[in-house]
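Heads up: numbering here begins at 1 and tracks the sequence.
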Amino acid sequence: MATWNLTEMNRHVLICNGSTCMRKGGEEVTQAIRDEITKLDLDAKVHTTRTRCNGRCKDGCVVIVYPEADWYFEMDEERSKEMVESHLQNGKPVKEWIAYERSGDGMKLLNNRFKGTEKGEKK
């Protein structure tokens with residue numbers, strides 16, 4: 001296992017590898033993001049982590065970028081590459097692919113995405 005030096009890191013990308021997102025191309029999205037980060041020489045500045053389910057299965061494949069807290073939806077290989085260049089390299093989030101963004105003390109739903117079940121509410 002690696003122990004990375006994160007002193008230059010300024011963004012953390014969480015890539016959903018839960019079962020629904022994996023069926024929706026999670027492995028391909030993971031590799032496309034990592035390959036594009038390497039291609040653009042962003043390895044020291046961007047750290048990626050595969051996650052389990054992030055609880056937004058209808059939005060799969062989900063990719064979350066911190067510190068902005070932008071939740072990308074329906075990511076595929078092409079969108080992933082474009083997101084890396086626009087957001088991670090140039091600091092311009094791709095707003096039309098974001099389901100949630102940080103807003104004040106909470107999160108704001110964008111792009112007419114399905115709101116989902118309220119936290120604490122029985123399904």
Query raised in the report: Does the side chain of P93 reach to within under 4.5 Å of the side chain of I98, using non-hydrogen atoms?
Result: yes

Query raised in the report: Atom NE2 of H47 and atom CG of N10: how far apart are they, to the nearest 0.5 Å?
Result: 13.0 Å

Query raised in the report: Looking only at atom types and distance, does a side-chain atom of N54 sit under 3.5 Å from a main-chain N or O of R56, one as donor and one as acceptor?
Result: no

Report task. Apply side-chain contact (heavy atoms from CB on, under 4.5 Å) to K39 and E85, showing your working. Result -> CA-CA 10 Å; K39 176 182 157 190; E85 183 178 348; over 6 Å; no

Report task. Report the distance from atom CD1 of I37 to atom CD of Q89, rounding to the nearest 0.5 Å. Result -> 11.0 Å

Query - Residue N90 excluded, over 12 heavy atoms near CG under 6.0 Å - result: yes

Query - Passing candidate, side chain to side chain contact (heavy atoms under 4.5 Å, CB included) with H12, options T49, T48, V46 - result: T49

Requested in this report: Begin from the C-alpha positions of R79 and E82 and carry the test salt bridge (charged side-chain N to carboxylate O under 4.0 Å, His left out) through to its verdict.
Outcome: CA-CA 5 Å; R79 278 187 173 195; E82 290 180 45; over 6 Å; no

Report task. Using the rule that two of Ile, Leu, Val, Met, Phe, Trp, Tyr join whenever any of their side-chain heavy atoms come within less than 4.5 Å, decide whether L14 and I33 are in one cluster. Result -> no

Query raised in the report: When rounded to the nearest 0.5 angstrom, what is the spacing between OG in S80 and CD in Q31?
Result: 11.0 Å

Query raised in the report: Do you reckon Y66 sits in the same ILVMFWY cluster as V13, going by side-chain contacts under 4.5 Å, direct or chained?
Result: no

Query raised in the report: Partners of E77 by side-chain contact (heavy atoms from CB on, under 4.5 Å), sequence neighbours excluded?
Result: E28, A32

**Report entry** Salt-bridge present (R113, E74; N to O < 4.0 Å)
**Finding:** yes

**Report entry** Beyond-backbone contact of E36 with M83, side-chain heavy atoms, under 4.5 angstrom
**Finding:** no

Query - Pairwise distance CG(D59) to OH(Y72) - rounded to 0.5 angstrom - result: 13.5 Å

Query raised in the report: Atom OG1 of T30 and atom CG of D35: how far apart are they, to the nearest 0.5 Å?
Result: 10.5 Å

Query raised in the report: side-chain contact (heavy atoms from CB on, under 4.5 Å) with A44: which residues, sequence neighbours excluded?
Result: E8

Query raised in the report: Can you tell which of R102, R11, K92 makes a salt bridge (Lys or Arg N to Asp or Glu O under 4.0 Å) with E68?
Result: R11

Query - From CD1 (I15) to CE (M22), nearest 0.5 Å - result: 10.5 Å

Report task. Considering non-hydrogen atoms only, spot the tightest contact between K108 and S103 and give its length. Result -> CB-CB, 3.6 Å

Requested in this report: Search all heavy atoms of G26 against all heavy atoms of N17 and return the closest pair with its distance.
Outcome: O-ND2, 3.9 Å

**Report entry** Closest non-hydrogen atom pair between E96 and F73, with its separation
**Finding:** O-CZ, 3.5 Å

Report summary line: When every non-hydrogen atom of C61 is compared with those of C16, the smallest separation belongs to SG-O, 3.8 Å

